[in-house]
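Okay, so here's the structure we're looking at.
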Amino acid sequence: MSLNEETIYLHGNLGREWSTKTIESTGKQVIENALAYQPSKDADTTWIDLTVWEDNEGNTDHFDAIIDETSKGSRVMVQGRFKSRDYKAKDGTPKKGWNCSVWNIAKVIRPSMKKDPYKGATAIVDGKPMTDEDWF
């Protein structure tokens, strides 16, 4: 995977349920998950650790919206700052991992042409479900 440390969008499936954590050094709260990213059907899957932070005022209300709307296996699109990290696997081989500080997350609904293609679609913007007025 050739991502730079920049803001990009990626889509994939969540690998587990969200977990809540408090960062000891700062006292800030976050929720964490992992995104399985596969650019094409035959490509290898890359796992990206996702972190959603409390807002600048320490508000975590957006955590509830994200946890309520997405869970393990949910297809999502994330926007955020991606960074790589180098580490050693348990067997000592060098590995590269990916992290994303998530700014926006949206649940992706794959439409079925036999049904209403947008029924049940929800996007989360600034920690709140989008309304019709949010679209531009």
Side-chain angles (χ1 to χ4, degrees):
M1 182 178 213
S2 60
L3 295 175
N4 293 323
E5 295 183 13
E6 59 185 65
T7 303
I8 60 174
Y9 292 87
L10 278 183
H11 61 85
N13 293 79
L14 294 178
R16 59 182 179 256
E17 298 300 329
W18 291 96
S19 61
T20 304
K21 179 178 174 182
T22 300
I23 306 300
E24 288 184 30
S25 60
T26 63
K28 293 192 178 278
Q29 291 186 26
V30 299
I31 57 174
E32 298 177 322
N33 208 320
L35 180 77
Y37 172 70
Q38 190 176 18
S40 67
K41 183 178 179 181
D42 298 325
D44 291 335
T45 299
T46 300
W47 286 94
I48 301 166
D49 294 326
L50 304 178
T51 305
V52 181
W53 293 82
E54 65 182 35
D55 69 16
N56 291 335
E57 289 79 39
N59 186 356
T60 59
D61 291 343
H62 56 290
F63 291 179
D64 292 335
I66 293 168
I67 292 168
D68 289 347
E69 294 293 333
T70 61
S71 61
K72 181 179 179 177
S74 292
R75 184 102 173 136
V76 297
M77 182 183 307
V78 296
Q79 174 197 23
R81 178 149 321 259
F82 289 80
K83 292 186 178 184
S84 66
R85 69 186 188 306
D86 295 316
Y87 67 96
K88 288 190 179 184
K90 290 180 182 179
D91 65 3
T93 58
K95 298 279 187 177
K96 183 171 291 289
W98 294 95
N99 297 81
C100 175
S101 289
V102 176
W103 296 336
N104 288 304
I105 184 168
K107 185 174 181 181
V108 176
I109 307 297
R110 290 190 177 177
S112 167
M113 299 319 286
K114 296 177 183 176
K115 300 177 182 175
D116 180 357
Y118 301 104
K119 184 176 182 181
T122 304
I124 306 295
V125 175
D126 295 328
K128 296 176 222 117
M130 277 180 71
T131 65
D132 290 338
E133 292 79 37
D134 292 322
W135 294 98
F136 51 92

Would you say the side-chain atoms of [X] pair up with the backbone N or O of [Y], donor to acceptor, closer than 3.5 Å?
X     : Y     : answer
Thr93 : Ala89 : no
Glu17 : Lys72 : yes
Asn13 : Gly73 : yes
Gln29 : Glu54 : no

Test applied, side-chain contact (heavy atoms from CB on, under 4.5 Å); reference residue, Leu50; option that passes from Leu14, Ile31, Ile66, Asn99 = Leu14
Check Val78, Asp44, Ile48, Thr45 against Tyr37 for a side-chain contact (heavy atoms from CB on, under 4.5 Å) and give me the one that passes.
->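 Of the listed options, the one satisfying the test is Ile48.
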Which atom of [X] lies closest to which atom of [Y], heavy atoms considered:
X      : Y      : answer
Thr70  : Lys107 : CG2-CB, 4.3 Å
Cys100 : Gly80  : SG-CA, 3.9 Å
Ala34  : Arg16  : CB-NH1, 3.4 Å
Asp61  : Asn59  : N-OD1, 2.8 Å

Atom pair [atom1]/[atom2] of [X] and [Y] - distance to nearest 0.5 Å:
X     : Y     : atom1 : atom2 : value
Gln79 : Ile8  : CD    : CD1   : 10.0 Å
Lys95 : Asp86 : NZ    : CG    : 12.0 Å
His11 : Gln38 : NE2   : CD    : 10.0 Å

Identify whether [X] and [Y] are in the same connected component of the hydrophobic contact network (ILVMFWY, side-chain heavy atoms under 4.5 Å).
X     : Y      : result
Val76 : Trp18  : yes
Trp47 : Ile105 : no
Val30 : Val52  : no
Trp98 : Tyr87  : no

Look at atom CG of Asn56 and say whether more than 12 heavy atoms of other residues, nucleotides or ligands are closer to it than 6.0 Å.
->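 At most 12 heavy atoms, drawn from other residues, nucleotides or ligands, come within 6.0 Å of this atom.
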Would you say Ile23 and Trp53 make side-chain contact, with heavy atoms under 4.5 Å?
->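 Side-chain contact under 4.5 Å: yes.
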